[in-house]
Q: 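If you scroll down you'll find the structure; I have some questions about it.
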Amino acid sequence: MRGKSQPQANKNNPTATGQKRNFFSRGPDSLEKVWNLSGSSSAASSDMAGENSATGGRTGVRVVVAGDRFTGKSSLIAAAATESYPENVTHVLPPTHLPADFFPDRVPITIIDTSAALENRGKLIDELKRADVVVLTYACDQPLTLNRLSSFWLEELRRLEVKVPIIVVGCKLDLRDENQSISLEHVMRPVMHEYREIETCIECSSVTLMQVPDVFYYAQKAVLHPTAPLFDQETQSLQPRCQRALKRIFLLCDRDMDGALNDSELNEFQVKCFNAPLQPAEIVGVRRVVQEKKRDGVNDLGLTLEGFLYLHFLFIDKGRHETTWAVLRRFGYGDNLELRDDGLPVPTKHASDQSIELKTEALDFLRGTFRLFDTDNHGALRPTELDELFSTAPESPWNEAPFKDAAETTSQGNLTLKGFLSEWALMTLMDPRRSLANLIYIGYNGNPASVLRVTRRKSVDRKKQRSERSVYNCLVFGPENAGKSSMLNALLGRPFSASHNPADERYAADVVDQLGGNKKTLILREVPEDGVKILLSNKECLAACDVAVFVYDISDEYSWKRTRDLLVEVARQGEETGYGVPCLLVAAKGDLVPYPMALQDSLKVCRDLGIEAPVAVSMKTGDLNDLFGRILGAAESPHLNIPETETGRKRKSFRRLVNNSLLFVSVGAAFAVVGMAAFRMYNARRNSST
């Protein structure tokens, strides 16, 4: 059965063309042998890690065939399914299924026929948006339909935001005038350059069955083994993410860490990926192929990283990118060249008032990694050293907000050990999956399930009157110009600056030393004044908060009143949702003259709400009054400093009254039951004695 074998194509075949995006040839023989791909690459992939892993977890591919009327769409589908030319074919076929064993990847295909008629446009759009891959057809005997691809169909797909691979197929090849000279490659190369979503161009004939199975083989391949994540058409090179992933794989296989894969390491890689060892002659062949183009790709120790990357460039260049995908998927990568979720055991069952932290084993690994990449032993990582550390991750995770500039650095901008660990704590708190993935990217080889721990519920901490967390999450509220940004800068040890950006939400994280030598990580999240309403619209926004800090300018009465209102608003939110948090007032700009009645007003509010008096500080003079120690103290005693509004007190009193009444009724009912039972027993004894 022709459809069950891998379709053949080569550079000399004028009916197929592509820019590193078509199935050209199998490449040099020695390259095929090293990956054990003398047969089907996809079959080798199945042997190596099971069908789901080899195909990115896909259980089916949905192909939508579209194009102008009378271009041969329905005949193409019917010919592929029946392996014969259909004399009479329905105008629009129902969904057609190709079984899993039709192609080597063993993934079933569903083919959707469509109509270009105006009355069926709604259904066409719906099907296109559900497609995994689109096959666009034109008729080889009607040049106008070829022109319509770029003038209408390709633009229409972009307008509809259909972001899937496209296979361009010329049907009715048998009807083309033999005297008509046309080079598909010459015609389509500029079109493919403009529309990068085109994976393959191919011509076929449903009458002769020429290359009919190839159409759907390429369609399936474009979904299961996409080219775009691997290869950059503009630069004609491997994509940065692909290079980084392959570098990590190379380093994992380089067990002796000498910068090259020797014969033994290359064999281990071969067996791991393709379940077949290499013969000495095959290894020699691989080295020869690499050394012909990359002199530094091989040295006396074996295959270097440069050579390893070049091998994969060759495969993709020859249209064998399924080989590179087989390697990537064997090492846990998905289609986006990030580690798949099934390899990242992140705790999912936890309450909203629980957080996730790194365990001691992971922190010890990070300290060791920091020292390893601190090549000059200055106690800080330069930007180049940090880039090298994350060179095996998809990208550096801290180049953008909220992580950028969120931790302690030296005056030269180098990241200190405290800053390094604080960035990891922040990333783990906000995105545990990303944190675990990056730990693995940079070389953690322990059990991923033992990296993260879920903290105790805050409701339990409140009952026990003590928190055992290592990382505390603090929300910082206050009006504009109150001094919030200066407070975050002070935590990071940065000099005072009068400039600020009130529109931005910022994070700052640092390890704070406590009395007795204990160290805790404090994370401050600055909430812009205009962002408070949005934040509090989420009923669980305070669940993950360990302490709330309210900053006001002691010299500005409006600043105080606005902060007081914010404090009451947050207190009410906590009372209504059950997620009350310890609160702390910070009287900033202590170097300025306080407005009249500032002290009396603030003390009265603190007394009414039942929280501690404000902490007076001056970021400008550096008088912090142990501010961060006090914040940690409030977080570690989650049962104290929770503000209580008048409404909240009344609600609590009413609840207490109801509970007491219920208790009284319950006790009375119990006495009544006991009395009744005693009376019945007395009557029973009297009757028996009588």
Side-chain angles (χ1 to χ4, degrees), residues 4-8 23-58 100-101 103-107 217 220-221 224-225 230 238 242 245-256 258 260-292 294 297-298 301-305 307-334 340 343:
K4 289 185 180 180
S5 62
Q6 180 171 303
Q8 302 292 314
F23 186 73
F24 281 123
S25 67
R26 294 181 180 274
D29 290 341
S30 56
L31 290 184
E32 285 192 13
K33 290 178 181 178
V34 74
W35 307 126
N36 191 29
L37 292 178
S38 54
S40 161
S41 62
S42 299
S45 300
S46 295
D47 290 341
M48 99 188 156
E51 293 173 19
N52 279 348
S53 175
T55 57
R58 288 270 184 177
D101 62 352
F103 293 124
D105 277 307
R106 301 191 63 79
V107 175
Y217 168 75
Q220 184 193 67
K221 181 179 177 181
L224 302 182
H225 314 294
L230 304 182
L238 297 178
C242 181
L246 291 173
K247 179 180 179 180
R248 172 177 170 262
I249 293 171
F250 177 88
L251 294 176
L252 288 174
C253 296
D254 183 18
R255 295 188 178 278
D256 56 12
D258 61 357
L261 299 183
N262 57 37
D263 294 358
S264 174
E265 292 166 339
L266 203 55
N267 250 324
E268 286 183 21
F269 168 79
Q270 168 76 9
V271 171
K272 180 180 178 71
C273 290
F274 304 107
N275 201 28
L278 291 170
Q279 299 302 317
E282 294 170 345
I283 295 179
V284 172
V286 172
R287 290 182 175 179
R288 183 175 62 251
V289 169
V290 173
Q291 210 160 22
E292 286 175 358
K294 292 287 182 182
V298 177
L301 299 174
L303 185 71
T304 66
L305 173 60
F308 186 74
L309 295 176
Y310 178 68
L311 278 178
H312 287 280
F313 170 82
L314 276 182
F315 282 118
I316 298 169
D317 185 67
K318 301 301 182 183
R320 296 301 301 275
H321 37 282
E322 64 266 33
T323 305
T324 299
W325 275 117
V327 173
L328 290 166
R329 285 170 177 151
R330 182 63 183 88
F331 282 84
Y333 287 91
R340 297 189 304 269

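All values below come from the heavy atoms of this structure, side chains included, with hydrogens, waters and symmetry mates left out. Throughout, numbering of the chain's residues begins at 1 and tracks the sequence.
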Q: What's the separation between atom CG in N275 and atom CZ in R330, rounded to the nearest 0.5 Å?
A: 9.5 Å
Q: State, yes or no, whether a side-chain contact exists between L314 and V289 at a heavy-atom distance under 4.5 Å.
A: yes
Q: Sub-3.5 Å donor-acceptor pair from the side chain of N262 to the main-chain atoms of S264, do we have one?
A: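 Here the side-chain-to-backbone pair exists.
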Q: Below 4.5 Å, heavy atoms only, C-beta onward: do F308 and C253 meet side chain to side chain?
A: no
Q: Under 30°, 30 to 60°, or over 60°: which ring-plane class applies to Y310 and F313, parallel, tilted or perpendicular?
A: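 Judged by the thresholds at 30° and 60°, the geometry between Y310 and F313 is parallel.
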Q: Would you give the length of the straight line joining atom NE2 of H312 to atom CD1 of I249, rounded to the nearest 0.5 angstrom?
A: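 The CD1 atom of I249 is 7.0 Å from NE2 of H312, to the nearest 0.5 Å.
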Q: Tell me whether K221 forms a cation-pi arrangement with F103, defined as NZ or CZ under 6.0 Å from the six-membered ring centre and within 45 degrees of its axis.
A: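 Geometry flag: not set, cation outside 6.0 Å or 45°.
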Q: Quick check against the 3.5 Å criterion: does Q291 have a side-chain atom that pairs as donor or acceptor with the backbone of R288?
A: no
Q: Could you give the distance from SG (C242) to CG (L328), rounded to the nearest 0.5 Å?
A: 5.5 Å
Q: Given H225 and R329, is the side chain to side chain donor-acceptor pair (under 3.5 Å) satisfied, shown in steps?
A: CA-CA 10 Å; H225 314 294; R329 285 170 177 151; 3.2 Å; yes
Q: Could you state the interatomic distance from CG (L230) to OG1 (T324), rounded to the nearest 0.5 Å?
A: 6.0 Å
Q: Determine, for D254 against K247, whether the closest basic-nitrogen to carboxylate-oxygen distance falls under 4.0 angstrom.
A: no
Q: Students often mix this up, so state it plainly: with edges at 30° and 60°, are the rings of F269 and F274 parallel, tilted or perpendicular?
A: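 Taking F274 first and then F269, their aromatic rings stand perpendicular (interplane angle over 60°).
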Q: With distance as the sole test, does R287 use its side chain to make a donor-acceptor pair with the main-chain N or O of V298 at under 3.5 Å?
A: no
Q: Tell me if a side-chain donor or acceptor on E265 pairs with a main-chain N or O of R255 at a distance below 3.5 Å.
A: yes
Q: Looking only at heavy atoms, what is the nearest atom pair of G334 and W325, with distance?
A: O-CZ3, 3.5 Å
Q: As an exercise, state the distance from CG of L261 to CG of L266, rounded to the nearest 0.5 Å.
A: 6.0 Å
Q: Which atom pair, heavy atoms only, marks the closest approach of F331 to R248?
A: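 Heavy-atom minimum between the residues: O-NH1, 3.8 Å.
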Q: Counting N and O atoms only, with roles assigned by atom type, does the side chain of T304 sit under 3.5 Å from a partner on the main chain of A260, one being a donor and the other an acceptor?
A: no
Q: Distance from R106 atom CZ to Q220 atom CD, nearest 0.5 Å?
A: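 Atom-to-atom, R106:CZ and Q220:CD are 11.0 Å apart.
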